[in-house]
2 protein chains.
Amino acid sequence: MPTTRSYGDACTIARALDVVGERWALLVVRELLFGPRRFSDIRRGLPGASSNLVADRLRELEAREVIHRRRLPPPAASWVYELTPRGRRLEPVLDALGEWGGELPRPPEPFALSAASVLLYLRGAARPDPAEPPATFRVELRTGGDVAEVWTVRTGDGRVQVEPGEPPRADAGISTDPHGLNDLLAEPSTLDDHDVTGDRAALRRLVRSVQAA
Amino acid sequence: MPTTRSYGDACTIARALDVVGERWALLVVRELLFGPRRFSDIRRGLPGASSNLVADRLRELEAREVIHRRRLPPPAASWVYELTPRGRRLEPVLDALGEWGGELPRPPEPFALSAASVLLYLRGAARPDPAEPPATFRVELRTGGDVAEVWTVRTGDGRVQVEPGEPPRADAGISTDPHGLNDLLAEPSTLDDHDVTGDRAALRRLVRSVQAA
DNA sequence: CCGCATCCGTTTCGATACTG
DNA sequence: CAGTATCGAAACGGATGCGG
């Protein structure tokens, strides 16, 4: 059964926490930052959360108009969750939390690390040279078991864009897992250890631009 | 007994929530944003939190170096809690949450509203005319029962500064309670309903500058 | 399989009472 | 004033069940 408790405090901070302050709520939002995701995708990004908890949070967040449940067009016949405009406005909150959390120690291994987490870090930390031509990358991330998610990462204009799903065309591709990508961003010289296709130099520039920051 | 559970997730957002994601934790930080406070001051700002919860959170936040427990110099012989540098760096998180929470409905009455909450709102929303001369205000807020807190509010340079405690000298003073001050900021014309001393015009300018925003 | 619902032991919360 | 002790209620976390 969904949680409805409130701080009973008119302060806007407390009102915000009434909606997204329950355990796992902001991490669910994190998983949706890059676009719609199915229930099982969300669960894969939050391996520590039990299924009923995720279902509860999704219901609560939907009731508060932070997320929206939508049926995919045929032939998918599946449901996806996506952020509403209100939910997308939580991005500054997650950015601020992520910035603050960067100074804290990591939990002991083994720890989770979702695709969304790493790509959020990549997008925030990479500073691609604006003079470089735009490039599109296919990033394949093995997320538990033999399941793999495919993401589209684009550079250009000194920015990095991230979207879930297969790119229509890619200059380069890399296949790894979230931990591997994270390690790569911390230590660009390990690029050769990874399964890379296409324009390796473009990928190298992207990865190195994280260090520059 | 303090909580030590972790999301077990290396994402910096999850690491931040490991430390300040427990219930009431960020509201305790809110109460300390303007300076050191005693246990009972914090409790008065969080009337919905039981004493053992507040004690637990304070211990946890101290262990994570978000706050620090310090003995006041004699003859006070009392203890205060204050933010560490790490704790002060949470201000952007609270700002982002407060901004987002502003669009949400208030809880049903009766709701709490601490002095820190209202003054946080005042400081964030007021846009005093930079051309006006600086002014200092004594703000006395009755916070439950017959207890009153005294705060110092200064304008100047187009900014508002807030500190707990008696001002050395004040151009004007107002005595009300947090709800009254909040209502006043929403409806400046009600200033005449309040107990004001000194330069009423300066206080009126401050209050009206919240509307301009 | 995916998307939950149900059950159940454990942890946390919240209210009240109590102590140095 | 500044907490601790206790206890029932709620929330969490893991396992399992089950319809589409």
Side-chain angles (χ1 to χ4, degrees), chain A residues 1-9 14 17-18 20-28 31 36-63 67 69-72 74-81 112 143-147 149, chain B residues 1-9 14 17-18 20-28 31 36-62 67 69-72 74-82 112 143-147 149:
Chain A
M1 189 187 312
T3 304
T4 58
R5 64 183 168 184
S6 164
Y7 287 106
D9 188 318
L17 292 172
D18 277 345
V20 295
E22 298 298 323
R23 198 162 169 74
W24 296 105
L26 281 174
L27 298 184
V28 168
E31 290 301 308
R37 321 234 61 194
R38 288 173 308 170
F39 184 85
S40 48
D41 298 328
I42 298 169
R43 280 215 68 193
R44 216 171 307 115
L46 304 172
S50 58
S51 58
N52 52 14
L53 236 304
V54 175
D56 278 357
R57 290 296 167 268
L58 288 170
R59 253 195 307 275
E60 293 162 29
L61 292 172
E62 191 183 10
I67 67 175
R69 187 168 179 259
R70 181 165 59 87
R71 195 193 297 273
L72 279 185
S78 167
W79 294 84
V80 290
Y81 296 88
T143 56
D146 48 357
V147 189
E149 299 178 3
Chain B
M1 186 189 312
T3 304
T4 58
R5 66 183 166 184
S6 164
Y7 286 106
D9 188 319
L17 291 173
D18 277 345
V20 294
E22 298 296 323
R23 200 163 168 73
W24 295 105
L26 282 175
L27 297 184
V28 168
E31 290 300 309
R37 319 232 64 194
R38 290 172 305 169
F39 185 86
S40 49
D41 298 328
I42 298 169
R43 281 216 67 193
R44 216 173 306 116
L46 305 171
S50 57
S51 55
N52 52 10
L53 235 303
V54 174
D56 280 356
R57 289 296 167 268
L58 288 170
R59 255 194 304 273
E60 292 162 31
L61 291 172
E62 191 183 11
I67 66 175
R69 186 165 179 261
R70 180 164 59 87
R71 194 191 298 271
L72 279 184
S78 167
W79 294 85
V80 290
Y81 296 88
E82 65 187 339
T143 57
D146 48 357
V147 189
E149 299 179 2

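Below, chain A is the first sequence line, B the second, and so on; all start at residue 1. Here the structure is a predicted model, which is why all the values come from computation and not from measurement.
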Q: Please work out if R43(A) contacts a base, only the sugar-phosphate, or nothing of the nucleic acid, heavy-atom cut-off 4.0 Å.
A: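 Counting heavy atoms under 4.0 Å across all strands, no contact is made by R43(A).
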(Q) What's R44(B) touching, base or sugar-phosphate or nothing? Going by heavy atoms closer than 4.0 Å. (A)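 If one applies the 4.0 Å heavy-atom cut-off, R44(B) turns out to touch nothing in the nucleic acid.
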Q.
Under the criterion side chain to side chain contact (heavy atoms under 4.5 Å, CB included), I'd like the reasoning laid out for E60(B) against T3(B): C-alpha separation, chi angles, the key distance, then a yes or no.
A. CA-CA 7 Å; E60(B) 292 162 31; T3(B) 304; 3.7 Å; yes
[X] [atom1] - [N] [atom2] separation (whole Å):
X: L27(A); N: dC12(D); atom1: CG; atom2: C1'; result: 15 Å
X: R57(B); N: dT4(D); atom1: CZ; atom2: P; result: 14 Å
X: L72(B); N: dA2(D); atom1: CG; atom2: C1'; result: 13 Å
X: R59(A); N: dC12(D); atom1: CZ; atom2: P; result: 13 Å
X: L53(A); N: dA10(D); atom1: CG; atom2: P; result: 17 Å
X: D41(B); N: dA2(D); atom1: CG; atom2: C1'; result: 11 Å

Minimal non-hydrogen separation, [X] against [Y], with atom names:
X: L27(B); Y: Y7(A); value: CD1-CD2, 3.6 Å
X: E82(B); Y: P36(B); value: OE1-CG, 3.8 Å
X: V54(A); Y: A49(A); value: CG2-CB, 3.8 Å

Within the pair [X] and [N], is there a side-chain N or O less than 4.0 Å away from OP1 or OP2?
X: T3(B); N: dC12(D); result: no
X: R37(B); N: dA2(D); result: no
X: Y7(B); N: dG13(D); result: no

How many angstroms lie between [atom1] in [X] and [atom2] in [Y], if you round to the nearest 0.5 Å?
X: L26(A); Y: E31(A); atom1: CG; atom2: CD; answer: 12.5 Å
X: R37(A); Y: I67(A); atom1: CZ; atom2: CD1; answer: 13.5 Å
X: E62(B); Y: R70(B); atom1: CD; atom2: CZ; answer: 12.5 Å

**Q.** Along DNA chain C (nearest heavy atom to each residue), the more 5'-positioned of R5(A) and F39(A)
**A.**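 Looking at the nearest nucleotide for each, F39(A) comes out on the 5' side.
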Q: For S6(A) and for A55(A), locate the closest nucleotide of DNA chain C by heavy-atom distance; then report the residue assigned to the nucleotide nearer the 5' terminus.
A: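 Nearest nucleotide further toward 5': that of A55(A).
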(Q) Can you classify the ring geometry of Y81(B) versus F39(B) as parallel (below 30°), tilted (30 to 60°) or perpendicular (above 60°)? (A)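 Plane angle between 30° and 60°, so tilted.
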Q: Go through the steps for V20(A) and L61(A) under the test side chain to side chain contact (heavy atoms under 4.5 Å, CB included), then give the verdict.
A: CA-CA 8 Å; V20(A) 295; L61(A) 292 172; 4.2 Å; yes
Q: Could you check R38(B) against W24(A) and say which one's nearest nucleotide on DNA chain D is further toward the 5' end?
A: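 Looking at DNA chain D, the more 5' nearest nucleotide goes with R38(B).
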Within-4.5 Å side-chain heavy-atom neighbours: [X] and [Y]:
X: L46(A); Y: L53(A); value: no
X: D9(A); Y: D18(A); value: no
X: E22(B); Y: R5(B); value: yes

Tabulate atom names and distances for all N/O pairs under 3.5 angstrom spanning the protein and nucleotides 15-17 of chain D.
none

Q: Walk along DNA chain C from 5' to 3' and tell me the first and last nucleotide with an atom closer than 4.0 Å to a non-hydrogen atom of chain B.
A: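 Boundary nucleotides touching chain B, in 5' to 3' order, are dT12(C) to dA17(C).
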(Q) Let me test you: for the helix from dC1(C)-dG20(D) to dG20(C)-dC1(D), what is the angle between the axes at its two ends (five pairs each), rounded to 10 degrees? (A)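 The value is 30°.
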